[in-house]
Amino acid sequence: MPAYRPEEIEKKWQAHWKEQQTFKADNASAKPKYYVLDMFPYPSGAGLHVGHPLGYIASDIVTRYKRLQGFNVLHPMGFDSFGLPAEQYAIQTGQHPEKTTRENIARYIEQLSALGFSYDWSREVRTSDPSYYKWTQWIFLKLFNSWYNLDTNRAEPIKTLMDKFADNGSQGINAAGDPEERHEFTAGQWGMMNEKQKLAAVHPYRLAYQQDTYVNWCAGLGTVLSNDEVKDGLSERGGFPVERRLMPQWNLRITAYADRLLQGLDTIDWPEPIKEMQRNWIGKSIGAEVTFPVLSDDSAAISGEETTAAGPVIKVYTTRVDTIYGATFLVLAPEHELVAQLTTPEQQEAITEYIAATKRRSERDRMADTKTVSGAFTGAYAQNPVSGQPVPIWIADYVLAGYGTGAVMAVPSGDQRDWVFATHFNLPILQISDAQQGLDQQADPTKEGRYINSDLINGLGYADATEKLIAFLEERGLGRGKVNYRLRDAIFGRQRYWGEPIPIYYKDGTAYGVAEADLPLVLPEIDEYKPTETGEPPLGRAKDWKYKGQYDYELSTMPGWAGSSWYYLRYMDPTNEARFVGEEAEQYWGNVDLYMGGAEHATGHLLYARFWYLFLKDLGLVNGNEPFQKLINQGMILGRSNFVYRINGTNKFVTLGKKDQYETTALHADVNFVDNDVLDIEAFKKWRDEYATAEFILEDNGTYVCGVEIEKMSKSKYNVVSPDTLISRYGADALRLYEMFLGPLEQFKPWNTNGITGVGSFLKKFWRLFHPEDGALAVTDEPATPAELKALHKAIRKVQEDIEKFSFNTSVSTFMIAVNELTALSCHKRAILEPLVVLVSPYAPHLAEELWAELGNQPGSISSASYPEFREEYLVEDSVNYPVAINGKVREQFQFAATATAADIEAAVLASDFLARFGEGKAAKKVIVVPGRMVNVVV
RNA sequence: GCGGAUAUGGCGAAAUUGGUAGACGUGCCAGACUUAGGAUCUGGUGCCGCAAGGCGUGUGGGUUCGAGUCCCUCUAUCCGCACCA
């Protein structure tokens with residue numbers, strides 16, 4: 001083998017790995033376990049671009065490194081293969097999504113293999129495979145058959161709830177969820193109920209439950225979307241408008257786990273920004289619920305007389321009870337259930353009109369427009385439960401129906417939104433703290449100062465006042481301290497074909513879970529992938545699709561995140577037919593030690609997966625506390641788009657430098673025929689027929705220069721760089737090294753192919769250390785010199801540190817330095833080069849395997865355990881140059897033996913005529929010696 | 001508006017965590033070898049300056065013998081949430 005030929009080497013070793021099943025992980029091993037997981041991809045038709053493998057390369061480096069350190073590493077890969085694009089494609093072409101998906105996966109596997117990843121492909125899972133989604137459905141049934149007991153603070157089988165009902169009726173049940181949805185009954189009444197009635201009573205307690213829910217309805221996609229699939233009022237996929245709609249939906253009661261999901265964040269090693277996003281998403285707030293009785297007639301309100309209200313009451317939620325004396329009016333959400341009842345005849349028209357106007361405004365308008373103040377007076381008054389003062393009741397759309405109680409007490413002096421509202425509608429603003437200032441300009445939410453105009457709490461500070469007020473309200477049954485969460489239950493149904501069927505059937509209008517023995521409930525074949533004429537989901541088209549031949553199935557399918565919420569567990573034991581994961585396998589692999597993936601899943605997948613894990617734990621099905629111990633977010637690699645400028649109304653294109661002289665339209669030019677922003681005009685002309693006759697106005701040097709913009713990599717922007725062409729040109733090892741070299745893993749960065757020649761020449765130089773004469777391997781058995789050992793061990797130490805810190809970019813620099821040093825030393829010694837191959841092997845595995853084979857060693861025969869024995873002693877420099885400074889200003893270099901102590905150095909500097917040489921006659925006040933670094937003499 | 005992150009040469013970046021800023025790679029300049037090649041090798045390259053020297057890590061201040069690093073101020077860019085009471 002004369003020269004370094006990556007393509008031959010890589011093909012050879014990839015075939016070898018596949019054949020030998022080199023990376024198969026064992027479920028029982030004396031070695032310690034380590035689980036490295038990549039977020040599995042959705043197999044899109046476009047294949048991989050250079051951005052996709054970034055995280056996979058990093059995790060593969062860790063995997064190979066951990067194996068060298070003697071760990072039994074689980075490093076699997078699979079496919080999140082249910083999803084919209086395959087279905088959209090099916091609607092357009094009639095091709096079964098299963099076929100599209102299978103073909104895309106084949107292409108993905110091919111591309112991933114070409115990069116030399118060390119996945120254990122024997123564990124591959126596909127979420128769309130019935131043998132996999134059988135267990136997704138099984139977990140759903142577990143959720144369906146569970147409720148959340150707040151007394152034990154965990155999920156329990158629905159059976160324990162029924163037992164409680166039989167003993168005491170609904171009395172004393174402390175369950176997560178909305179009590180408003182549930183009915184009260186006695187044990188006797190329960191006993192009288194028939195099956196249908198019992199199931200109806202139980203249903204609102206289930207962790208998977210059906211309910212009329214406001215959903216994000218996307219007509220363009222014909223389905224509902226979760227909040228994290230909606231961006232700025234448009235669907236994330238497709239960019240179709242999304243509106244709020246009340247529909248019966250399957251929901252998962254993730255809110256039951258809000259507090260545990262929050263607490264758990266403190267126990268896991270995740271990037272702080274992601275944890276913070278989850279905290280905000282859960283949105284815990286500590287406050288109080290306060291009851292405002294509605295005054296029965298307005299004459300009382302006008303006279304300000306105290307009224308004993310036996311009528312309706314309005315519950316508000318506030319985080320600032322202390323400001324209650326400043327609550328000069330109430331505001332209800334327009335959807336609030338009491339609005340109709342409260343509205344006086346005189347105000348009827350105004351209220352009706354306002355509600356209609358609110359409905360007309362789409363969610364998107366409401367978001368875009370938070371400045372406009374709007375609202376309407378109901379004509380009714382409530383009584384401030386602390387001051388006894390009457391307060392008018394308004395409705396306004398700045399109050400959200402879905403948060404807290406859907407009603408707020410407005411304190412214009414303390415809350416800016418209330419202040420704006422009060423100012424606009426000329427409602428009173430009452431100062432309640434001596435520290436509040438500028439109330440004619442804006443609200444002042446300060447917690448400083450002492451309260452005024454606040455009877456009970458006048459003169460008190462924030463903490464005392466809050467405590468006293470809550471005690472006062474609780475005593476009278478008018479309020480209590482309350483914790484609220486922003487987190488909503490997760491909508492679980494999609495009106496789509498290409499997803500897991502929800503294993504529910506309906507008997508006499510009541511929902512039943514499909515028996516476990518009948519799973520998987522296989523996705524039926526249908527003629528077309530569209531909704532039915534009657535507006536039912538596509539599954540409504542399935543012929544003769546009935547449970548036990550007679551009961552209708554649920555027609556919606558599960559959302560994309562269902563299958564991805566537990567796939568990491570299935571990898572542990574992917575072929576188990578008796579259990580979602582075998583107990584021993586789960587016990588052995590535990591949780592994921594390192595999870596690599598994008599930050600875009602912060603509040604979606606990463607939250608749902610944690611939720612499912614906690615639920616499974618409650619049922620005793622898994623043993624850990626959190627699924628993903630350490631999380632690393634790789635940054636996205638962005639595309640570098642090139643533009644040509646067409647002069648409007650012509651077929652003439654003008655170069656970047658002269659485009660300002662014309663009216664132009666920028667058009668994407670395919671980056672594949674642009675080199676260093678210079679357009680290959682011939683290639684461009686051939687690109688599309690319409691350009692064949694195009695004319696060009698060039699720069700003065702005769703080139704056509706394109707404009708540049710950094711955008712997401714995408715087919716439609718013609719800025720996709722495929723790994724395939726780079727691999728065929730430079731090799732997978734070069735691409736792996738280069739992607740790591742590009743910059744810090746976590747950072748977002750534009751792709752730029754230019755620098756890849758640097759790592760390419762590193763690999764060639766590395767090869768040449770072993771083949772200096774362009775022939776067979778030529779390494780010597782001479783003993784290494786200290787200089788060579790130093791070069792080696794500096795590299796080993798640095799690279800080990802780097803991998804522990806996930807700072808792979810600096811490792812590549814370290815390799816280059818080592819190779820340059822050893823080349824300069826003409827070192828071709830086995831003693832140095834063998835360990836160097838081990839060090840490089842996680843980064844450039846193919847090259848390492850080849851050299852290993854040539855050196856006559858089996859891969860892995862050199863264990864990293866052999867590093868430490870000769871590590872530190874060679875790291876010590878013989879002598880060290882110290883910059884010596886006077887008052888921080890460097891004057892001279894002194895050389896000291898590496899073993900010199902701080903005292904030696906200080907003495908030597910003082911004994912020299914150092915100070916005199918630089919005109920400092922005075923004695924030194926202080927000498928600061930930083931060992932190995934520098935000396936500073938203070939005079 | 002709230003929360004979070006980032007800011008260093010022409011470009012990607014490094015800096016042992018408070019100790020000679022710019023390693024390494026690109027790009028550029030010069031040279032070598034070459035039957036001009038997107039090959040290889042050598043040297044140079046933060047900015048200003050012929051030089052001595054001066055100035056330099058987004059802005060302004062502070063702590064320190066010494067600050068890219070710590071503290072305060074401001075600015076810009078990016079991300080997340082967005083009337084959450």
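Each chain gets a letter, A, B and so on, in the order its sequence line appears, and its residues count up from 1.
- Applying the Watson-Crick and G-U wobble criteria (two distances, each under 3.5 Å), B/rA32 pairs with B/rU40.
- Checked against the 6.0 Å centroid threshold, A/Phe329 and A/Phe425 do not count as a close aromatic pair.
- Contacts of A/Asn484 with the nucleic acid, taken as non-hydrogen atoms under 4.0 Å apart, are absent.
- Nearest nucleotide to the side chain of A/Leu400, out of B/rG4, B/rA85, B/rG25: B/rA85.
- Atom pair A/Glu746:CD and B/rA13:P shows a separation of 13 Å (rounding to whole Å applied).
- Across the C1' atoms, B/rC74 and B/rC29 are found 40 Å apart, a figure rounded to whole Å.
- With rounding to whole Å, A/Phe815 atom CZ is found 20 Å from B/rA23 atom P.
- Taking only distance into account, the side chain of A/Arg933 never meets the base of B/rU20 through a donor-acceptor pair shorter than 3.5 Å.
- Position along RNA chain B of the nearest nucleotide to A/Val938 versus A/Gly758 favours A/Gly758 as the more 5'-ward residue.
- As rounded to whole Å, 13 Å separates atom P of B/rC79 from atom CD of A/Glu711.
- Counting non-hydrogen atoms under 4.0 angstrom, A/Asn820 reaches the backbone sugars and phosphates but no base.
- Taking atom P in both B/rG19 and B/rU75, one finds a spacing of 30 Å when rounded to whole Å.
- B/rU26 adopts an anti glycosidic conformation, its chi angle falling more than 90° from 0.
- The glycosidic torsion of B/rG61 lies more than 90° away from 0, placing the base in the anti range.
- B/rU26 atom P lies 17 Å from atom CZ of A/Arg640, rounded to whole Å.
- Distance check on atom C1': B/rG58 versus B/rU8 gives 10 Å, rounded to whole Å.
- Here the P atom of nucleotide B/rG25 and the CE atom of A/Met740 are 19 Å apart, to the nearest Å.
- Protein atom CD1 of A/Ile710 is 14 Å distant from nucleotide atom C1' of B/rU77, rounded to whole Å.
- Of the nucleotides present, none pairs with B/rU63 by Watson-Crick or G-U wobble criteria with both distances under 3.5 Å.
- The phosphate of B/rA85 (OP1 or OP2) has a side-chain N or O of A/Tyr403 nearer than 4.0 angstrom.
- Contacts of A/Lys765 with the nucleic acid, taken as non-hydrogen atoms under 4.0 Å apart, involve only primed sugar atoms and P, OP1 or OP2.
- Between A/Trp561 and A/Tyr608, the ring planes are parallel. Angles under 30° get that label, and only those over 60° would be called perpendicular.
- Between A/Phe896 and A/Tyr882, the two ring planes are perpendicular [angle over 60°; tilted spans 30° to 60°].
- Closest to the side chain of A/Pro883, out of B/rU20, B/rA85, B/rU40, is B/rU20.
- In this structure, A/Lys764 atom NZ and B/rU40 atom C1' are separated by 9 Å, rounded to whole Å.
- Among the atoms of the strands shown, none is found under 4.0 Å from any heavy atom of A/Pro750.
- Annotation: cation-pi geometry satisfied between A/Arg486 and A/Trp281 (NZ/CZ under 6.0 angstrom from ring centroid, within 45° of ring axis).
- Using C1' as the reference atom, B/rU63 and B/rC71 are 7 Å apart when rounded to the nearest Å.
- At whole-Å resolution of the value, CZ in A/Phe741 and P in B/rG25 are 7 Å apart.
- No more than 12 heavy atoms of other residues, nucleotides or ligands shown are found within 6.0 angstrom of NZ on A/Lys315.
- Nucleotides B/rA82 and B/rG3 are separated by 11 Å at their C1' atoms, to the nearest Å.
- Comparing B/rU64 with B/rU69, their P atoms are spaced 16 Å from each other, to the whole Å.
- Going from the C1' atom of B/rG68 to that of B/rU34 covers 45 Å, rounded to whole Å.
- Side chain of A/Val408, nearest nucleotide from B/rC24, B/rA85, B/rU40: B/rA85.
- A cation-pi geometry, defined here as NZ or CZ lying under 6.0 Å from the six-membered ring centre and within 45° of its normal, holds between A/Lys447 and A/Tyr462.
- Across every strand in view, B/rA23 sits unpaired, with no contact that passes the Watson-Crick or G-U test at under 3.5 angstrom.
- Nucleic acid contact class of A/Gln747 (heavy atoms, under 4.0 Å, all strands): sugar-phosphate only.
- Remark: the separation of the P atoms in B/rG54 and B/rG1 is 45 Å, to the nearest Å.
- In this structure, of B/rC24, B/rG4, B/rU26, it is B/rG4 that holds the atom nearest to the side chain of A/Pro273.
- As judged by a 4.0 angstrom heavy-atom cut-off over every strand, A/Ile928 is placed among the base-contacting residues.
- A residue-by-residue look at A/Asp415 and A/Tyr882 shows that A/Tyr882 has its nearest nucleotide of RNA chain B further toward the 5' end.
- Enclosure of atom CD in A/Glu7 by more than 12 non-hydrogen atoms of other residues, nucleotides or ligands within 6.0 angstrom is indicated.
- Residue-level contact check: A/Asn280 touches the backbone only, with heavy atoms under 4.0 Å from sugar-phosphate atoms and none from bases.
- Remark: B/rA7 base-pairs with B/rU75. Criterion, Watson-Crick or G-U wobble with two distances under 3.5 Å.
- Looking at A/Trp751, A/Phe808, A/Phe762, A/Tyr843 one by one, the single match for ring-ring contact (aromatic ring centres under 6.0 Å, His included) with A/Tyr738 turns out to be A/Trp751.
- Contacts of A/Met934 with the nucleic acid, taken as non-hydrogen atoms under 4.0 Å apart, include base atoms.
- Considering only the side chain of A/Arg768, B/rC41 comes nearest among B/rC83, B/rA14, B/rC41.
- Considering only the side chain of A/Met816, B/rC24 comes nearest among B/rU26, B/rA13, B/rC24.
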